[in-house]
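Working notes, beginning with the structure itself.
Just so you know, these numbers come straight off a predicted model, no measurement behind them.
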Amino acid sequence: MSSARTFAGKSGRAASSKTGPAVHGESRAVSGFHLLSNAEMRRIAERVFKLSDADETEVGIDVTSDALTRFANNTIHQNVAEQVLTVSVRTVLDGRTARATTNKTDEDSLKRVVAASKSLAQSQPKVPGLLPMPGAQKYGKVSRFFENTAYATPADRARAVTRVAALAEKNKQTAAGIFATGTRQFAIANTTGLFASHRQTRAEFSITILEPDSSGWAKANAPNLGHIDPDALARGASEKSKASRNPLEVAPGPWTVILEPAAVLDLVGSLFYDFAGTAVQDQRSCFNKRMGKRVMGDNIVLQDDVFHPLQSGPPFDGEGIPRQKVLLVDRGVPKNLVYSRATAKKMKVQPTGHGMPLPNEYGEAPLNLVFGGGSSSVDEMVRSTDRGILVTRLWYIREVDPYEKVLTGMTRDGTFLVQDGRVVSGVRNFRFNQGLLEMLSNVEMLGAAVRAAGEESFEMVVPSMKVRDFHFSEVTKF
């Protein structure tokens with residue numbers, strides 16, 4: 001079908017002073033982009049339905065608008081903006097199903113995408129036990145569209161970048177990073193009466209501050225631009241770069257580590273698919289034969305909760321089923337999994353609203369992970385440590401053993417030696433080889449749970465952690 005098309009209009013009006021959720025009214029131009037109203041998305045779906053004579057037809061509509069300011073060497077060097085519209089059509093014919101997509105909404109394009117979906121479906125084998133499409137559903141409410149984010153302009157982002165670049169210049173450092181804002185809206189509709197829609201905004205700021213032999217990093221992501229403080233993030237990255245100058249080389253081995261939230265995020269994010277019913281059924285999960293058994297410390301509690309105030313995303317899954325809050329781990333014991341409709345029927349349980357758009361081979365996954373936190377600050381963790389390593393972030397994380405959940409990766413952008421209750425020096429970075437279940441059995445202190453952003457996993461709500469016997473295998477060259 002048509003290839004993805006990007007387009008950007010002229011800059012929109014000045015940023016609104018409103019920071020609360022916007023009402024789903026008629027379509028509006030947001031920073032030069034066109035947002036679709038629910039009525040417009042319904043009309044697109046109805047046009048597709050009229051063009052389809054399949055047994056059942058489903059339409060997915062996705063409009064993603066992103067604007068990005070990129071900076072390096074203390075200077076803005078790029079401003080880009082794009083909007084991508086996708087219309088996805090799934091048809092069902094005699095127990096067979098397939099999906100096709102287009103990025104256009106004119107009549108000929110919609111005819112072609114319906115015909116392509118039907119042709120693909122006819123060439124597929126029958127899907128054993130294919131369930132009928134769900135009818136109308138009721139959803140819990142989430143408010144994740146913020147006008148101050150939707151109407152952010154290049155000038156708004158440039159002012160913040162100018163301030164952080166000036167900070168780096170003052171400290172004789174070099175700053176690089178991105179400041180992005182955007183919106184996403186999508187809807188699912190089908191011929192059995194379902195219509196679900198969601199609209200949300202997104203803001204992200206990431207900065208790395210460099211010196212000849214050290215670096216510092218910070219990142220934040222939130223639906224509400226007002227929850228991101230670029231100046232505070234830049235100050236933290238600058239201080240870490242300064243504090244890690246002339247790094248020492250210390251021996252690898254088992255260490256007490258203090259993991260800041262970004263480091264925790266990129267480790268525990270490797271667990272998300274292990275809680276899928278399909279993964280357990282296919283024996284691809286580290287929780288096979290471990291459900292109901294204590295495999296983590298009794299201070300570890302994990303839920304999937306789309307309604308948590310620090311989370312993002314829609315209150316429905318890829319099939320339009322309402323998402324439920326699910327307790328995944330209770331005091332170190334894996335208690336529950338998440339299920340799509342098809343997986344739930346196979347495993348004789350109720351679906352939890354975590355299915356992916358059909359057809360797919362993955363089934364389901366929890367995408368709104370929330371770890372329970374504690375009351376300890378990172379400073380308190382440092383003061384309680386005789387000798388340890390403070391870790392800002394990790395990268396290049398890969399699975400070594402998926403069934404035992406052994407991971408490898410490296411520290412970067414702020415790794416410090418802790419002695420006698422204080423940070424004394426930066427240290428050369430390490431490679432680690434660490435079993436994740438073992439790590440979560442060795443957590444001695446927990447910080448408050450916060451929305452964290454990293455580079456190896458999607459955003460989730462996690463605490464900082466103090467962990468004993470974390471396995472560093474070697475010192476890296478970087």
Side-chain angles (χ1 to χ4, degrees), residues 259 263-306 308 311 317-318 321 323-356 360-373 394 397-409 432-443 446 449 454 456-463 465 467 469-471:
L259 301 170
V264 172
L265 167 74
D266 282 339
L267 287 168
V268 300
S270 300
L271 275 178
F272 85 105
Y273 189 60
D274 292 84
F275 290 103
T278 296
V280 171
Q281 188 177 47
D282 293 346
Q283 297 189 11
R284 290 182 283 155
S285 170
C286 69
F287 297 119
N288 278 102
K289 300 181 180 180
R290 287 171 168 153
M291 294 300 296
K293 300 178 182 178
R294 190 177 303 281
V295 294
M296 308 173 199
D298 60 11
N299 55 355
I300 302 300
V301 176
L302 174 60
Q303 301 181 80
D304 186 84
D305 183 8
V306 72
H308 190 282
Q311 272 292 357
D317 71 5
I321 300 300
R323 291 191 185 276
Q324 298 179 19
K325 180 178 177 179
V326 179
L327 176 63
L328 301 172
V329 177
D330 184 21
R331 292 170 291 180
V333 179
K335 289 283 190 177
N336 298 292
L337 303 172
V338 299
Y339 304 96
S340 64
R341 291 193 306 145
T343 307
K345 184 176 181 180
K346 291 177 183 177
M347 301 182 74
K348 298 181 180 179
V349 294
Q350 292 298 311
T352 61
H354 292 83
M356 298 179 185
N360 73 79
E361 61 185 16
Y362 300 104
E364 59 282 307
L367 299 177
N368 297 100
L369 295 178
V370 177
F371 271 76
L394 304 166
I397 299 173
R398 299 292 184 268
E399 279 190 342
V400 176
D401 184 336
Y403 296 104
E404 294 301 322
K405 222 60 187 177
V406 177
L407 307 176
T408 188
F432 66 87
N433 283 276
Q434 176 63 52
L436 190 52
L437 298 181
E438 177 193 35
M439 184 194 95
L440 292 173
S441 298
N442 292 339
V443 177
L446 290 165
E456 302 280 333
S457 181
F458 57 89
E459 294 78 20
M460 60 184 71
V461 180
V462 298
M465 294 181 179
V467 180
D469 295 332
F470 191 91
H471 300 284

Checklist entry - Does the pair His354 and Leu367 meet the rule for a side chain to side chain contact (heavy atoms under 4.5 Å, CB included), with working shown? => result CA-CA 8 Å; His354 292 83; Leu367 299 177; over 6 Å; no
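Scanning both residues, Val467 and Leu259, for their nearest heavy atoms gives CG2-CD1, 4.2 Å. Gln434 and His471 make their closest contact through OE1-N, 2.9 Å (heavy atoms, listed as atom of the first residue, atom of the second, distance). Shown here for Ala344 and Gln350, the closest heavy-atom pair between the two residues is CB-C, 3.7 Å. In plain terms, the two heavy atoms of Gly372 and Pro463 that are nearest each other are O-CG, 3.7 Å. Asp274 and Lys405 get closest at one heavy-atom pair: OD1-NZ, 2.7 Å. Closest heavy-atom contact between Leu337 and Val326: O-CG1, 3.9 Å.
The side-chain heavy atoms of Phe371 and Leu446, taken from C-beta on, include no pair separated by under 4.5 Å. Contact of the Leu407 side chain with the Glu399 side chain is registered, since non-hydrogen atoms from C-beta on lie closer than 4.5 Å. Side-chain contact between Phe287 and Leu271: present, with at least one pair of heavy atoms (C-beta onward) separated by less than 4.5 Å. Between Asp469 and Glu438, every side-chain heavy-atom pair lies at or beyond the 4.5 Å cut-off. The side-chain heavy atoms of Phe470 and Met439, taken from C-beta on, include a pair separated by under 4.5 Å.
Ion pairing of Arg323 with Glu364 is absent here, as no side-chain N (NZ or NE/NH1/NH2) approaches a carboxylate O to less than 4.0 Å.
The backbone N or O of Lys325 sits nowhere less than 3.5 Å from a side-chain atom of Asp305 that would complete a donor-acceptor pair. With hydrogens and angles disregarded, no donor-acceptor distance shorter than 3.5 Å links the side chain of Ser285 to the backbone of Tyr273. A distance-only check finds no donor-acceptor pair linking the side chain of Asn368 to the backbone of His308 [under 3.5 Å].
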